[in-house]
Amino acid sequence: MTTTSRLSTTLSHAALSLAAATIAALLFSACTTDAYESGEGRYSHLTAEFGMAHTAAKGEIDAFTTDGSRSLRLNPHAKASWATTPDSLYRSLLYFYDNENDASPFSISQVMVIKPTTLKNNNIPSSDPLTLVSAWPSADGKWLNMRLDIKTGKTDDPKAVHNLRMVRLQTGDGSYRMRIVHSRNNMPEYYTSTAYVSIAVDDEMKGKAVELSANTYDGEKILSVEIP
C-alpha cells in the first residue's frame, strides 16, 4: 500500500470548488426549507470527518479512517476522480450518514497536504490576500488543519491559477512560526471558495503553540494553535 498526499499546491478553479463549500450551501438551503415542514431534512444527519481515505481502485474509495482512529467501510463505495492510485491513502474530508461500522458516503473531497519550507534569511515573499478562517490540531495529533477562504472566479486564461505555499520562519528562540503565502496569478475574485489544508505534525511542533500568519483582506492575521 502506498500513501498518496498530492503535495502539489497549485489550486485551479475546479480544485477550489470543494464539496465542503457545496455541502455548506446545501445544508443552509435544507434548513431554511425543511424548518416549515418536519424541522428535519435530508442533510440533518450528515456527519463530517477528516481522515485518510483508502482506494480500492482508481477513483473508487472503499474505506475511511477518521482522525479519531475510527475505521469505516463505505457502502456504497465513494467516487473520487482525484484518487488516481489504487491501494493508496489520501487525506480527505468525508460527509456521510453514520451506520455504526458502515458509512453511506454523501460527498468526499481531497484535503491538500502542504510541506512547509524554511525561509533563508527570513526574506518573506509577498502574498495576495486570503481569509485564514481557523486552524486546529487533528484528534490524533498527527495533523495541523486549516480552513482557508479564497476569492476566485472563472477565466479562460490557463495561467491564472491559485498557488499556496507554507513557509517556516527562522526565529532562533525555539518557537515555531509559519506563514501562508498565496499567489493569485491573475485569477479573478468573483466569489469565495473554501479550501482545507493539512500539515503533518513533526517532532519540533509537538508540545508547542504553533503560530500561523497570513495576509488577509482585513490586514495581517495571526493564529496560535496548541499542538499536543
Might you confirm whether atom CG of Asp156 has over 12 heavy atoms from other residues, nucleotides or ligands at distances under 6.0 Å?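 Incorrect, the count does not exceed 12.
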
Can you tell me if Asn186 has over 12 outside heavy atoms packed within less than 6.0 Å of its CG? no

To the nearest 0.5 Å, tell me how far His54 NE2 sits from Tyr90 OH.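 If we round to the nearest 0.5 Å, His54:NE2 and Tyr90:OH are 10.5 Å apart.
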
Separation between NZ of Lys206 and CD1 of Ile227, rounded to the nearest 0.5 Å: 10.5 Å

For Phe50, all residues meeting ring-ring contact (aromatic ring centres under 6.0 Å, His included), sequence neighbours excluded: Trp136, Tyr196

Less than 4.5 Å apart, side chain to side chain, heavy atoms only: is that true for Leu148 and Thr194?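 In short, these two side chains do not touch, never coming nearer than 4.5 Å.
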
I'd like to check Lys159 versus Asn185 (side-chain heavy atoms, cut-off strictly below 4.5 Å). Are they in contact?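 Result no, sub-4.5 Å side-chain heavy-atom pair not found.
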
Are [X] and [Y] ion-paired here, with the side-chain N under 4.0 Å from a carboxylate O?
X      : Y      : value
Arg70  : Asp98  : yes
Glu189 : Arg184 : yes
Glu220 : Arg179 : yes
Arg168 : Asp202 : no

same_hphob_cluster(Val210, Leu164) at 4.5 Å side-chain heavy-atom cutoff: yes

For Ser138 and Asp140, does a side-chain donor sit closer than 3.5 Å to a side-chain acceptor?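 Yes, Asp140 and Ser138 have a side-chain donor paired with an acceptor closer than 3.5 Å.
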
Go through the steps to decide whether Ser104 and Asn75 satisfy the test side chain to side chain donor-acceptor pair (under 3.5 Å), and finish with yes or no. CA-CA 5 Å; Ser104 299; Asn75 184 22; over 6 Å; no

For a side chain to side chain donor-acceptor pair (under 3.5 Å) check, start with the C-alpha distance between His162 and Thr152, then their side-chain angles and the critical distance, and finish with the verdict. CA-CA 8 Å; His162 291 279; Thr152 189; 3.3 Å; yes

Mind telling me whether Tyr97 and Phe106 have parallel, tilted or perpendicular rings, with 30° and 60° as the class edges? perpendicular

Show your working on side chain to side chain donor-acceptor pair (under 3.5 Å) between Asn145 and Arg91 and close with a plain yes or no. CA-CA 11 Å; Asn145 301 315; Arg91 182 107 181 114; 3.1 Å; yes

